[in-house]
Amino acid sequence: MTRKLRMGMIGGGKDAFIGAIHRIAANMDGLIELVAGALSINNEIAVESGKMLFLDPERTYLDFKTMLTKEAAMPADKRMDFVTIVTPNFAHFEPAMMALDLGFNVVIEKPITFSLEEAKQLKAKVEATGLTLLLTHTYTGYPMVKQARQMVKDGALGKIRKVWVEYPQGWLSKLSEREGNAQAAWRTDPKKSGKSGCMGDIGTHAANLAEYISGAKIEKLCADLNILVPGRALDDDGAVLLRFDNGAAGVLMASQVAAGEENALKIRVYGEKGGLEWAQHEPNTLLVKWLDKPTEIYRAGGGYTFQSSYMTHNTRTPGGHPEGYLEAFGNLYRNFARTLSAKIDGVQPSPESLDFPGTEEGVRGMAFIDNVVRSSQSDAKWTNFEI
């Protein structure tokens, strides 16, 4: 490519948390520029947000349909290459489908859609158009998560037997949705978030990480969902027993009422020969535990012999310089951008660049929500993972 990729954004206006994160991530490697936006359903906020981001006033739109239609009519050397959708869950599907129909590639915040049926339709649309979709399961972008996945794939731990993954937060320990917290309000509203709260919001991240590192797929589960804050409409806590298609057993815990916790995502994977442990609070560190020798501490950077090409591809700084959430997010955008650029140039993207989540992970995430809710409503009955 001899130019930057041109990005449009739907949602993510001023004061929106995840929109700003997406813009930082997209800008991190100088491969992408924001050229258009329909940044809010509030016209005043949309216009003001466009000014704050120095967008051309003619490309600051008041609704996504107008943006997509007008951008599609622009000359090829002006119109955007892809659109990023950072609206609440219920407003993902329609703009994504319209964007694909008009020939735009898509980046979409997770979960991918409001329902499993919508996710299936979106996956079919992506396949039919041959376009590219990135689903921002952020935690798969960390270098040491890449390293863990590759070690499992290479058989370093032997046959995988056990997966523990937990994601405790504490930010919904009060009824914040009734205290003016906009993020809490839509995430706990079934009409905007979907049929699950905590499991839909962060349980899907935990399930995705478990499948990504282990290389196995969940095929059966037993779930117990709870509403622990009186007056809340959706689950704010839950635990799930898992069975994987390789015979491994698993435990998944997610809670948004673990008072005092921030984003304490942690995973442990055990095989016949040893195990791995990674925690987001110490993202540059991977603990490698052996059955017959002391635990080893692997660190990102440093040029060690253990490093996989996937880890080094996603490592940005020398050893000892922490790489966190923003860098992991940036890795997803960089891999997506390099893949898209390669496709535009008619060349094959590298395997490392192709390593980012898409519609397959999106469909499985929505199926996870459906199956967890179904199991919990059946008094924690073991339930086949149906898609």
Any donor-acceptor pair under 3.5 Å linking the side-chain atoms of [Y] with those of [X]?
X: Asn208; Y: Arg364; result: no
X: Asp355; Y: His313; result: no
X: Gln150; Y: Asp154; result: yes
X: Thr132; Y: Lys343; result: yes
X: Ser353; Y: Ser350; result: yes
X: Ser255; Y: Asp237; result: yes
X: Gln307; Y: Thr312; result: no
X: Ser196; Y: Asp235; result: yes
X: Glu261; Y: Gln169; result: no
X: Tyr310; Y: Lys153; result: no

When you measure from the side chain of [X] to the backbone N and O of [Y], does any donor-acceptor pair fall under 3.5 Å?
X: Arg338; Y: Leu354; answer: no
X: Asp245; Y: Lys217; answer: yes
X: Glu177; Y: Ala184; answer: no
X: Lys146; Y: Thr140; answer: yes
X: Thr113; Y: Ser115; answer: yes

Would you call the rings of [X] and [Y] parallel, tilted or perpendicular if under 30° counts as parallel and over 60° as perpendicular?
X: His22; Y: Phe329; result: perpendicular
X: Tyr167; Y: His205; result: tilted
X: Tyr325; Y: Tyr139; result: tilted

Open item on the list: Please determine whether the number of non-hydrogen atoms from other residues, nucleotides or ligands lying under 6.0 Å from atom CD of Glu219 exceeds 12.
Closed with: yes
- [ ] Return the set of residues passing side-chain contact (heavy atoms from CB on, under 4.5 Å) with Glu94 (not counting sequence neighbours), or none when no residue passes.
- [x] Phe64, Lys65
Open item on the list: If we check side-chain contact (heavy atoms from CB on, under 4.5 Å) with Tyr61, which of these qualifies: Thr66, Leu39, Leu68?
Closed with: Thr66
- [ ] Scan for salt bridge (charged side-chain N to carboxylate O under 4.0 Å, His left out) pairs involving residues 374-387, sequence neighbours excluded, and state none if there are none.
- [x] Arg374-Glu386
- [ ] Name all pairs fulfilling the salt bridge (charged side-chain N to carboxylate O under 4.0 Å, His left out) condition that reach into residues 72-81, sequence neighbours left out, sorted by first residue then second.
- [x] Arg3-Asp81
Task: Name of the residue among Glu323, Gln147, Gln280, Glu327 meeting side-chain hydrogen bond (donor to acceptor under 3.5 Å, both in side chains) with Tyr142 - done: Gln280
Task: Least distance between heavy atoms, Thr87 atom then His92 atom - done: O-NE2, 2.7 Å
Task: Trace of the ring-ring contact (aromatic ring centres under 6.0 Å, His included) decision for Tyr298 with Phe306 - done: CA-CA 8 Å; Tyr298 286 15; Phe306 69 79; 4.0 Å; yes
Open item on the list: As a quick check of understanding, evaluate ring-ring contact (aromatic ring centres under 6.0 Å, His included) for Trp164 and Tyr270, giving each step before the final call.
Closed with: CA-CA 9 Å; Trp164 267 285; Tyr270 298 95; 5.7 Å; yes
